[in-house]
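A short write-up of the structure that comes next.
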Amino acid sequence: MGRRFSLFCELGGILPVRGDEASMAAKRPFTPRSEDFPRWYQEVVQAADLAENAPVRGCMVIKPHGYALWENIQSPLDRLFKETGHQNAYFPLLIPQSFLDKEADHVEGFAPEVAVVTHAGGKKLEEPLVVRPTSETVIGHMFAKWIQSHRDLPLLINQWANVLRWEMRPRLFLRTTEFLWQEGHTAHANAEEAEEETLRMLDIYAQVAEEYLAIPVRRGVKSRIETFPGAERTYCIEGLMQDGKALQMGTSHNLGQNFADAFDIRFQDADGERKLCHTTSWGVSTRLVGAVVMAHGDDRGLILPPRIAPIQVAIVPIFRKDDDKAAVLGKAVELAAALKDAGILVRLDDREQIKPGAKFFEWEKKGVPLRLELGPRDLEAGQAVAVRRDTGDKAPIAFEGLADTIRRELDDIQKGLFERATRFRDEHTHQASSFDEFVQLLEGPGGFVEALCDGTDETERAIKEKTKATIRIVLEDGDDLGACILTGATATRRALFARAY
RNA sequence: CGGGGUGUAGCGCAGCCUGGUUAGCGCGCUUGACUGGGGGUCAAGAGGUCGCUAGUUCGAAUCUAGUCACCCCGACCA
């Protein structure tokens with residue numbers, strides 16, 4: 001970190017001093033994370049060309065680079081869903097309002113953020129239609145028709161879709177009124193299988209978060225207050241962002257028989273009896289794009305883990321004279337082809353009229369993991385110069401075996417990012433044995449704080465009221481674990497607290 | 001919904017208080033030349049119903065009234 005910071009200062013020093021404030025602002029690097037993290041986030045998302053705000057407040061336009069990133073997150077997820085027996089399907093955007101009403105907790109939980117269509121075809125509708133905030137209800141309705149026998153179980157369905165939840169405080173990717181996600185919905189013959197499924201999918205989420213997004217996660221169960229409306233139990237994965245706030249990166253719900261009961265999802269078992277199904281649902285969303293930005297980015301912009309980067313290597317050719325140009329570009333094309341053949345996502349930046357320095361900045365702010373510089377001097381030396389986005393390290397790479405070297409380098413970056421994020425997470429995880437200590441830890445280093453509490457909703461709410469910290473994960477429930485940090489009463493719960501997005 | 005603020009070029013803003021006729025600046029964009037190992041320089045250009053409506057006035061971006069939109073601050077969520 002320190003090394004890159006000094007490089008950054010050096011660059012700052014050679015920026016032109018002339019020009020008014022506006023032109024300086026245009027060239028100034030990002031607002032440092034330490035100064036104003038939300039602003040930094042916004043600037044990075046914009047500069048990396050990931051997304052921008054749409055005409056309707058709370059909605060976003062996901063731009064090609066951002067969408068490519070999302071596709072690269074979708075791809076391992078979709079593969080793993082299919083490998084575990086799930087099939088994709090698609091359910092409609094509009095849901096009869098009465099469906100929502102069938103599960104009491106569910107309506108109550110979603111009512112404030114649901115958008116309702118009351119008019120269509122130039123007339124007022126007989127029954128209002130809600131724009132799906134999630135699809136348990138329609139899917140439950142369909143499951144009831146599809147499931148007759150225990151031979152129809154388990155039913156394992158996933159859909160990739162958009163959903164709408166009216167938001168008052170939108171932020172690109174992290175909290176938008178409309179977002180893209182996947183929602184898995186399954187039905188099982190008994191509670192054990194449903195619980196197994198719920199945990200299996202949680203594991204897949206954790207795996208993708210850690211192996212692809214390079215973000216270490218804590219996984220576990222939510223408190224009653226944080227449980228999905230209508231679920232028996234909600235499991236989640238929680239990541240820690242660089243500002244010390246937690247981000248819920250995925251949830252997996254064991255819905256018990258609540259929705260089966262509400263929608264009459266029954267099957268005839270081998271013993272001839274008609275029984276209620278046990279259902280699950282689980283989802284991750286475009287919020288994961290925001291997680292990647294906040295977990296890895298630095299003061300020079302986005303940093304993408306190679307395994308999800310839409311462009312893994314950017315080649316920047318450098319030349320002065322025309323004959324240099326022909327030779328350098330020729331070699332650059334050759335190298336790009338070799339990398340492509342090796343399955344590496346490479347982009348040759350052969351734009352003219354743009355100086356190499358400008359290209360360096362552009363690919364840097366877009367988070368490209370590795371840059372290859374290729375100039376006349378390199379041609380003579382039989383090498384290219386590689387610069388790592390994560391560490392700023394610069395090293396020559398021989399043309400001989402280039403693709404293999406780069407492959408190793410990308411793997412190393414992937415590993416390095418995960419290790420760096422893990423170190424950060426571990427250094428920002430603490431135990432608090434008193435309320436004072438709890439507050440100090442939140443105010444000081446931030447991050448996760450493990451603490452004991454009495455397990456009541458009131459205490460949980462009171463802690464949130466006083467500290468803005470919530471229970472991210474319940475770590476342990478027991479009869480007598482010690483004393484509650486807030487009330488001093490017998491603690492029946494050890495929990496992972498944090499301020500969260 | 002309660003309080004505060006802003007609408008002028010793609011973006012960011014100045015001009016408004018103290019009306020005056022070609023409405024300006026920076027970034028970006030276009031064209032050309034020189035440049036090219038960390039955000040280039042110069043030159044020439046394109047780009048505007050000043051949010052909308054009505055009024056005051058010889059004259060409105062500027063004053064008045066109304067209206068619309070958006071932003072910021074207090075109760076949720078992948």
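Letters A, B, ... are given to chains in the order of the sequence lines, protein chains preceding strands, and every chain is numbered from 1.
B:rG39 makes up no base pair with any nucleotide shown, lacking Watson-Crick or G-U wobble contacts both under 3.5 Å. B:rU21: no Watson-Crick or G-U partner with both key distances under 3.5 Å is found in any strand. Using the Watson-Crick or G-U wobble rule with both distances under 3.5 Å, B:rU64 pairs with B:rA54. Base pairing of B:rC29 is made with B:rG45, judged by Watson-Crick or G-U wobble geometry with both donor-acceptor distances under 3.5 Å. With both pairing distances under 3.5 Å, B:rG2 is matched to B:rC73 as a Watson-Crick or G-U wobble pair.
Stacking of A:R307 on the aromatic ring of A:Y212 is recorded, both the 6.0 Å distance cut-off and the 45° axial limit being met. Relative to the ring axis of A:F99, A:K102 places its NZ or CZ within 45° and under 6.0 Å from the centre. Annotation: cation-pi geometry satisfied between A:K331 and A:F399 (NZ/CZ under 6.0 angstrom from ring centroid, within 45° of ring axis). In this structure, A:R165 satisfies the cation-pi test against A:W181, with its NZ or CZ atom closer than 6.0 Å to the six-membered ring centre and inside 45 degrees of the ring normal.
Residue-level contact check: A:E183 touches neither bases nor backbone, having no heavy atom under 4.0 Å from any strand. Residue A:P112 is classed as having no contact, given no heavy-atom separation below 4.0 Å to the nucleic acid. Contacts of A:L288 with the nucleic acid, taken as non-hydrogen atoms under 4.0 Å apart, are absent. Using a 4.0 Å heavy-atom criterion, one finds that A:E373 contacts the bases of the nucleic acid, with or without backbone contacts as well. Across all strands shown, A:P376 has heavy atoms under 4.0 Å from base atoms, whether or not it also approaches the sugar-phosphate. Among the atoms of the strands shown, base atoms are found under 4.0 Å from some heavy atom of A:R371. Contact annotation for A:V163: no contact, since no heavy-atom pair falls under 4.0 Å across all strands. Among the atoms of the strands shown, base atoms are found under 4.0 Å from some heavy atom of A:T176. Using a 4.0 Å heavy-atom criterion, one finds that A:K365 contacts the bases of the nucleic acid, with or without backbone contacts as well.
Closest to the side chain of A:E167, out of B:rG37, B:rG38, B:rC77, is B:rC77. Considering only the side chain of A:K394, B:rG38 comes nearest among B:rA78, B:rG36, B:rG38. When distances are taken from the side chain of A:W181 to each of B:rA78, B:rC76, B:rC72, the shortest belongs to B:rA78. Taking only side-chain atoms of A:I318, from C-beta outward, the nucleotide of B:rC77, B:rG37, B:rG38 with the closest atom is B:rG37. In this structure, the nucleotide among B:rG38, B:rG37, B:rG36 sitting nearest to the side chain of A:F319 is B:rG36. Of all nucleotides listed (B:rG39, B:rC76, B:rG38), B:rC76 comes nearest to the side chain of A:M168.
Across the C1' atoms, B:rA60 and B:rU49 are found 15 Å apart, a figure rounded to whole Å. Of the P atoms belonging to B:rG28 and B:rU18, the separation is 38 Å, rounded to the nearest Å. Comparing the same atom, P, in B:rC27 and in B:rG20 gives a spacing of 28 Å after rounding to whole Å. Distance noted for atom C1' between B:rU57 and B:rU64: 12 Å (whole Å). A gap of 14 Å separates the P atoms of B:rC52 and B:rG48, to the nearest Å. Remark: the separation of the P atoms in B:rC16 and B:rG2 is 33 Å, to the nearest Å. Comparing the P positions of B:rA23 and B:rG47 gives a spacing of 14 Å, expressed to the nearest Å. Distance check on atom C1': B:rG3 versus B:rA46 gives 44 Å, rounded to whole Å.
Rounding to whole angstrom units, CD of residue A:E113 and P of B:rA75 are separated by 16 Å. Atom CZ in A:R171 sits roughly 11 Å away from atom P in B:rC72 (whole-Å rounding). Remark: P of B:rC76 and CD of A:E226 are 10 Å apart, rounded to the nearest angstrom. Taking atom CG of residue A:L164 and atom C1' of nucleotide B:rA78, one finds them 13 Å apart after rounding to whole Å. As rounded to whole Å, 12 Å separates atom P of B:rG40 from atom CZ of A:R351. Rounded to a whole Å, the CG atom of A:D322 is 11 Å from the P atom of B:rU35. Put simply, CD on A:E362 is 11 Å from C1' on B:rG39, counting in whole angstrom units. The nearest whole Å value for the distance from the CD1 atom in A:I225 to the P atom in B:rC76 is 11 Å.
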Exercise. Between A:Y235 and A:H253, is a ring-ring contact (aromatic ring centres under 6.0 Å, His included) present by the stated rule, with each step listed?
Worked result: CA-CA 6 Å; A:Y235 295 91; A:H253 315 292; 9.3 Å; no
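The main-chain N or O of A:L255 is never found under 3.5 Å from a side-chain atom of A:E232 such that the two would form a donor-acceptor pair.
Contact between the side-chain N/O atoms of A:R57 and the OP1/OP2 oxygens of B:rC72 is found at a separation under 4.0 Å. An OP1 or OP2 oxygen of B:rG37 is reached within less than 4.0 angstrom by a side-chain nitrogen or oxygen of A:K355. Within the structure, a side-chain polar atom (N or O) of A:R169 is placed less than 4.0 Å from OP1 or OP2 of B:rC73. Residue A:R320 places at least one side-chain N or O closer than 4.0 Å to OP1 or OP2 of B:rG36.
A side-chain hydrogen bond (donor to acceptor under 3.5 Å, both in side chains) with A:N158 holds for exactly one of A:Q87, A:Q182, A:K82, A:E183; it is A:Q182.
Stacking here means ring centres nearer than 5.5 Å and ring planes tilted less than 30 degrees, and by that measure A:F360 does not stack onto B:rG38.
Looking at A:E364, its side chain comes within 3.5 Å of the base of B:rG38 through a donor and an acceptor atom. Interface remark: the A:R165 side chain does not form any donor-acceptor pair with the B:rC77 base, using a distance-only criterion of under 3.5 Å.
Note: A:F173 and A:Y501 fail the aromatic proximity criterion, with ring centroids not under 6.0 Å apart. Checked against the 6.0 Å centroid threshold, A:H86 and A:W282 count as a close aromatic pair.
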